[in-house]
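It should be emphasised that the depicted structure is a prediction, and the values quoted were computed from it without experimental measurement.
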Amino acid sequence: MGHGFLALLTLALALVAAPARAHKPSDSYLTLKVGGHQISGQWDIALRDLDFALNLDQNGDGALTWDEIRSQHDTIANYALARLALTSGDAPCPIVAGEQLIDNHTDGAYTVLRFRATCPAAGAALGVSYRLFADLDPQHKGLVKLEHDGATSTAIFSPEAARQDLPLRAAGKFAQFADYVKHGVWHIWIGFDHILFLLSLLLPAVIAPLAMKQAQTLRAAFIDVLKVVTAFTLAHSLTLTLASLQVLSLPSRWVESAIAASVVLAAVNNLYPLFRGRRPLAAFAFGLIHGFGFAGVLAGLGLPQGALVLSLAGFNVGVELGQLAIVAAFLPLAFLARRTWFYRQLMSTGSVVIALIAGVWLFERAFDMKVLPV
């Protein structure tokens with residue numbers, strides 16, 4: 001029974017970790033400028049994602065050259081624009097590809113595809129159908145900025161929200177705020193490295209320290225969890241704000257590697273007390289790094305300052321709501337199971353599995369190599 005449980009636990013954790021990508025989550029950045037019947041667009045798409053979809057590395061040496069990219073400009077444009085459709089009312093707005101450039105974002109090189117579209121009639125809204133990488137990566141997001149008559153609005157596209165009508169006016173403040181709250185919740189729920197880090201820190205909360213003679217109470221466990229979560233929240237909110245406002249910036253590869261390392265250390269702490277009663281302090285220290293990871297989602301939008309602050313506030317609220325939902329589900333179940341053989345195995349074997357998975361992530365991110373087939 002013991003071996004079967006361990007195998008099942010290992011499989012379950014591996015399946016949980018499988019959707020996680022070794023790098024910053026896949027995003028593209030689409031800007032649409034509408035003037036009357038005419039639309040000018042710019043689409044920044046990560047070359048690593050295009051290489052995965054189109055095998056741009058023709059000689060297989062693991063490095064994309066300018067010649068390899070330039071020779072496949074038509075292939076890139078045809079692939080991308082076949083997965084984007086614009087409509088005004090019920091009428092399509094035909095898209096014509098323009099020049100392609102290369103730009104560097106915090107997480108690597110992007111192709112910059114420019115295009116134009118003409119709508120037969122100007123409407124009150126622009127219909128956008130976005131299906132880029134929908135068949136390859138269910139976590140991919142398209143971050144869209146729409147500019148019209150000096151007003152800027154934003155939208156977030158995903159396989160679950162692939163068709164949206166974007167009003168040709170500034171979105172209401174509440175609607176924009178709510179949109180980013182939803183995205184923040186979803187981001188924390190699919191951010192498996194963030195989740196495993198948080199759970200690793202929370203696992204010891206329902207177990208009384210050895211110095212205590214009495215059993216851990218639910219109230220004491222709640223206070224312990226509150227300290228950890230509050231420290232993590234304060235830290236990542238600080239760096240999320242500073243990075244999104246471009247006050248501070250760190251290379252994405254360093255940030256993602258450090259996040260993986262934080263998961264390793266949090267899991268090892270459950271086997272050997274590295275932090276020795278200082279888990280809130282550890283949560284704060286590592287939360288500073290996780291905040292830079294959250295900021296990577298918003299970094300490429302290039303919104304005006306007012307819109308960025310509103311989006312930032314909504315995204316941060318969403319992250320906190322998603323985090324609190326995880327804690328609310330975890331704490332009662334963990335408290336009820338704290339004296340069981342299952343929970344002891346979760347603390348020991350589960351922490352080992354988490355540390356191993358995070359160790360693979362650390363290797364992948366630090367050396368820009370892929371080990372897990374995800």
Can the ring centres of His236 and Phe232 be said to be less than 6.0 Å apart? yes
Do any N or O atoms from the side chain of [X] and from the backbone of [Y] form a donor-acceptor pair under 3.5 angstrom?
| X | Y | value |
| --- | --- | --- |
| Asn270 | Ser351 | no |
| Arg365 | Glu256 | yes |
| Thr87 | Asp90 | no |
| Ser88 | Ala121 | yes |

Is atom CG of Asn59 surrounded by more than 12 heavy atoms (other residues, nucleotides or ligands) closer than 6.0 Å? yes
For Arg163, look at atom CZ and say whether over 12 heavy atoms of other residues, nucleotides or ligands are found less than 6.0 Å away.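 More than 12 heavy atoms, drawn from other residues, nucleotides or ligands, come within 6.0 Å of this atom.
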Starting at [atom1] of [X], measure out to [atom2] of [Y] and round the result to the nearest 0.5 Å.
| X | Y | atom1 | atom2 | answer |
| --- | --- | --- | --- | --- |
| Leu240 | Leu312 | CG | CG | 5.0 Å |
| Asp51 | Gln72 | CG | CD | 9.0 Å |
| Thr233 | Leu238 | OG1 | CG | 12.5 Å |
| Leu132 | Ser26 | CG | OG | 7.5 Å |
| Tyr180 | Asn316 | OH | CG | 14.0 Å |
| Trp43 | Leu32 | CH2 | CG | 9.5 Å |

Work out which heavy atom in [X] is nearest to a heavy atom in [Y]; give both atom names and the distance.
| X | Y | result |
| --- | --- | --- |
| Phe284 | Ala235 | O-CB, 3.0 Å |
| Leu86 | Ala117 | CD1-CB, 4.0 Å |
| Pro204 | Met347 | N-SD, 4.0 Å |
| Phe286 | Ser262 | CD2-CB, 3.3 Å |
| Ala243 | Phe292 | CB-CD2, 3.7 Å |

Which is it for Arg116 and Ile39 under the side-chain contact (heavy atoms from CB on, under 4.5 Å) test, yes or no, and what are the steps along the way? CA-CA 6 Å; Arg116 302 191 69 83; Ile39 301 171; over 6 Å; no
Taking Arg114 first and then Asp44, would you say they form a salt bridge - that is, a charged N and a carboxylate O separated by under 4.0 Å?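 Asp44 and Arg114: not salt-bridged.
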Cationic N near anionic O, under 4.0 Å, Arg70 to Asp67: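 A salt bridge is present here (some side-chain N lies under 4.0 Å from a carboxylate O).
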Could you list the cluster mates of [X]? Members are the ILVMFWY residues connected by side-chain heavy atoms closer than 4.5 Å, either directly or through other members.
| X | result |
| --- | --- |
| Leu101 | Val112 |
| Ile223 | none |
| Leu356 | Leu271, Val352 |

Does anything in residues 43-88 pair up under disulfide bond (SG atoms under 2.5 Å apart), and if so which pairs, sequence neighbours excluded? none
Decide side-chain contact (heavy atoms from CB on, under 4.5 Å) for Leu168 and Asp149; before the verdict, give the C-alpha distance in whole Å, the side-chain angles of both, and the deciding distance to 0.1 Å. CA-CA 9 Å; Leu168 295 179; Asp149 286 345; over 6 Å; no
Can you list the residues that meet the ring pair (Phe, Tyr, Trp, His ring centres under 6.0 Å) rule with His140, with sequence neighbours excluded?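 Counting only residues at least two positions away or on another chain, His140 forms a ring pair (Phe, Tyr, Trp, His ring centres under 6.0 Å) with Tyr130, Phe133.
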Contacts of His37 meeting ring pair (Phe, Tyr, Trp, His ring centres under 6.0 Å) (sequence neighbours excluded), chain-then-number -> none
Looking only at the side chains, is there a donor atom on one of Glu147 and Thr31 sitting less than 3.5 Å from an acceptor on the other? no
For residues [X] and [Y]: do they belong to one hydrophobic cluster (side chain heavy atoms under 4.5 Å, members Ile, Leu, Val, Met, Phe, Trp, Tyr)?
| X | Y | answer |
| --- | --- | --- |
| Tyr272 | Val263 | yes |
| Trp66 | Leu64 | yes |
| Leu245 | Val255 | yes |
| Phe342 | Phe330 | yes |
| Leu333 | Ile195 | no |

Do Leu250 and Thr239 come close enough that some side-chain heavy atom pair is under 4.5 Å?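 Heavy-atom side-chain distance check fails, nothing below 4.5 Å.
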Over-ring placement of Arg279 relative to Phe275, 6.0 Å and 45° cut-offs: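 No, cation not above the ring by the 6.0 Å, 45° rule.
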Pi-cation contact, Tyr79 with Arg83 (under 6.0 Å, within 45°): yes
Could you go through Val327 and Val225, starting from their C-alpha distance and side-chain angles, then the distance that decides it, and tell me whether this counts as side-chain contact (heavy atoms from CB on, under 4.5 Å)? CA-CA 8 Å; Val327 172; Val225 167; 3.5 Å; yes
Show, in sequence, the C-alpha distance, side-chain angles and deciding distance for Thr349 and Gln345, and conclude whether the side chain to side chain donor-acceptor pair (under 3.5 Å) test is met. CA-CA 5 Å; Thr349 308; Gln345 291 297 319; 3.1 Å; yes
Under 30°, 30 to 60°, or over 60°: which ring-plane class applies to Phe294 and His194, parallel, tilted or perpendicular?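 Plane angle between 30° and 60°, so tilted.
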Would you please test Gln164 and Val128 for side-chain contact (heavy atoms from CB on, under 4.5 Å) and show each step? CA-CA 6 Å; Gln164 299 182 46; Val128 180; 5.6 Å; no
